[in-house]
**Student:** 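Below is a structure I'd like to ask you about.
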Amino acid sequence: MTIEMDKYRDATVMRLSGEIDMYSSPGLRKELLSLVAERVSPLIVDFRGVSYIDSSGIATFVEGLKGMRSFGGRLKFVAVPEGIMEIFTFSKLDRVFEIYGSADEALSG
Amino acid sequence: MTIEMDKYRDATVMRLSGEIDMYSSPGLRKELLSLVAERVSPLIVDFRGVSYIDSSGIATFVEGLKGMRSFGGRLKFVAVPEGIMEIFTFSKLDRVFEIYGSADEALSG
Amino acid sequence: MKDSVTITIPSHPGYLSMVRDVTARFGEIHNLSEAVIADLKLGVDEACSNVIKYAYRGATEGEIVITLRIMGKDLEVIIEDEGVRADPACIEGRNLDDVRPGGLGLHLIKRAFHVYEFDEGRRSGNRLRLVRHLR
Amino acid sequence: MKDSVTITIPSHPGYLSMVRDVTARFGEIHNLSEAVIADLKLGVDEACSNVIKYAYRGATEGEIVITLRIMGKDLEVIIEDEGVRADPACIEGRNLDDVRPGGLGLHLIKRAFHVYEFDEGRRSGNRLRLVRHLR
Ligand SMILES: Nc1ncnc2c1ncn2[C@@H]1O[C@H](COP(=O)(O)OP(=O)(O)O)[C@@H](O)[C@H]1O
Ligand SMILES: Nc1ncnc2c1ncn2[C@@H]1O[C@H](COP(=O)(O)OP(=O)(O)O)[C@@H](O)[C@H]1O
């Protein structure tokens with residue numbers, strides 16, 4: 001997994017690619033929690049390049065979301081590939097995460 | 001490995017993709033030898049989608065080339081990816097096979 | 001085609017990707033659909049992650065032995081370790097409506113496999129048997 | 001990271017792709033370059049193909065056991081089978097200038113590995129040891 005940080009309009013964008021699993025999710029967790037500590041919001045997570053996510057990756061995002069909410073921040077997912085979306089839906093996390101098609105939609109949503 | 005047959009100008013084009021190994025090369029051999037039997041010439045083999053080739057794949061093309069030459073036919077390779085080209089060069093087969101950048105170059109060469 | 005492969009990896013999360021590769025190739029070789037292969041990769045990965053977390057308590061020098069095979073109309077996966085014995089009574093996924101980190105792995109394993117059972121007769125370590133009915 | 005994996009496959013060419021996957025992942029996990037990984041995949045594939053062709057004479061129900069490990073600055077690959085014994089004296093690649101089908105595999109194995117040696121002390125079957133010096 002690789003993480004690339006970017007800016008888009010007034011949002012911070014985290015572009016993920018590769019595989020998010022028990023090996024790579026601690027790196028993701030560290031990055032997410034440091035953004036929470038800095039109260040970065042809105043934070044857009046771009047899933048375009050993500051080929052795989054397991055329960056440790058999902059747990060990491062649930063934790064990140066709780067952190068964001070603790071200071072009233074917003075966490076938004078964009079460009080979630082179908083296979084990853086299916087795992088979110090199965091986990092009933094599509095109801096908890098804000099998921100948009102694109103960064104523009106995320107910022108007007 | 002998948003094989004797709006096509007026509008381009010007055011040539012027959014064999015488009016290969018995937019992995020050519022000891023498992024898939026018998027299928028390639030069958031196809032090549034049947035084209036030889038039909039005296040198809042020129043035959044252009046398009047390597048664009050080939051991600052892997054081993055010695056059984058190379059042996060198959062050496063056999064195919066001998067068959068083509070037996071009736072004065074021409075076998076031309078195009079769009080050979082760098083990694084595959086390196087194996088041809090290592091095997092000294094870059095001197096034996098006619099290798100071109102594109103089908104147009106192959107047909108004017 | 002003889003239809004069994006075994007892979008032995010260290011109990012290190014860095015090797016889970018290799019187990020996924022092997023699972024995916026096994027599925028391809030046996031002509032399973034992409035959707036089924038995706039489920040199997042995730043299910044096997046989650047089961048091996050649990051071995052690292054619970055049987056080996058995070059220690060990375062243990063061994064995990066994963067066998068994939070076709071038995072008639074079933075795909076069977078056996079996962080063996082020499083770690084702490086699991087108490088099947090304590091293995092339970094969380095209610096999915098109660099959103100919190102964790103507790104999802106078991107659901108993902110059971111999404112992929114119809115059978116999830118520990119071999120209780122084993123002397124040491126664990127032997128988990130997963131079965132997916134293919135048709 | 002403990003640095004050894006073992007994969008056991010049937011002596012069927014359909015499983016060579018799985019061996020390549022495992023080899024490539026092993027190389028990635030140990031931060032080898034893409035070029036080195038490409039050589040290793042091909043070298044291990046060719047060595048396993050030869051086991052199928054010569055040790056098992058094309059029979060697909062045999063077993064091939066492939067172990068990859070890091071030993072200090074070396075990557076070592078051990079390939080074991082229970083087939084017909086190889087006579088190392090008869091194993092020779094062709095002169096590359098003499099273009100004909102076949103005889104290329106050994107060159108590709110030796111391109112990837114600095115050491116290619118059979119364990120002569122073995123009672124039955126074969127044990128081929130391949131070593132690549134990494135630095
Ligand atoms: N292999 C195992 N050995 C022992 N306990 C396990 C094992 N797998 C799962 N468990 C238990 O079942 C619970 C649920 O597992 P799981 O759904 O994978 O979620 P998580 O690991 O995120 O808690 C775990 O918290 C653990 O107590
Ligand atoms: N594992 C093996 N067991 C026995 N003989 C072998 C083995 N590997 C290679 N050989 C011998 O060495 C020769 C050269 O092998 P190789 O370069 O792989 O080319 P090919 O298999 O195409 O002939 C083979 O023809 C065979 O006689």
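Since the model is a prediction, treat every value here as computed from it, not as a measurement. All chains are named by letter (A, B, ...) in the order of the sequence lines, taking the proteins before the strands, and each is independently numbered beginning at 1.
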**Student:** Using side-chain contact (heavy atoms from CB on, under 4.5 Å), reason through D:Glu76 and D:Arg129 one step at a time and then give a plain yes or no.
**Tutor:** CA-CA 7 Å; D:Glu76 192 176 79; D:Arg129 184 171 160 261; 2.9 Å; yes

**Student:** Only pairs of heavy atoms separated by less than 4.5 Å count here; which of D:Val5, D:Ile66, D:Thr67 has the most with chain C?
**Tutor:** D:Val5

**Student:** For residues 16-24 of chain C, give me every residue with a non-hydrogen atom less than 4.5 Å from any non-hydrogen atom of chain D.
**Tutor:** C:Ser17, C:Met18, C:Asp21, C:Val22

**Student:** Hey, is the main chain of D:Arg135 close enough, under 3.5 Å, to the side chain of D:His133 for a donor-acceptor pair?
**Tutor:** no

**Student:** Taking all atoms of both residues into account, what is the closest heavy-atom pair of C:Asp81 and C:Arg122, and its distance?
**Tutor:** O-NH2, 3.2 Å

**Student:** Mind running side-chain contact (heavy atoms from CB on, under 4.5 Å) on C:Tyr54 and C:Ile91 for me, showing each step along the way?
**Tutor:** CA-CA 10 Å; C:Tyr54 303 113; C:Ile91 300 185; over 6 Å; no

**Student:** Answer with yes or no whether the side chains of D:Ser11 and D:Thr60 bring together a donor and an acceptor at under 3.5 Å.
**Tutor:** no

**Student:** With a cut-off of 6.0 Å (strictly less than), are more than 12 heavy atoms of other residues, nucleotides or ligands near CD of C:Glu28?
**Tutor:** yes

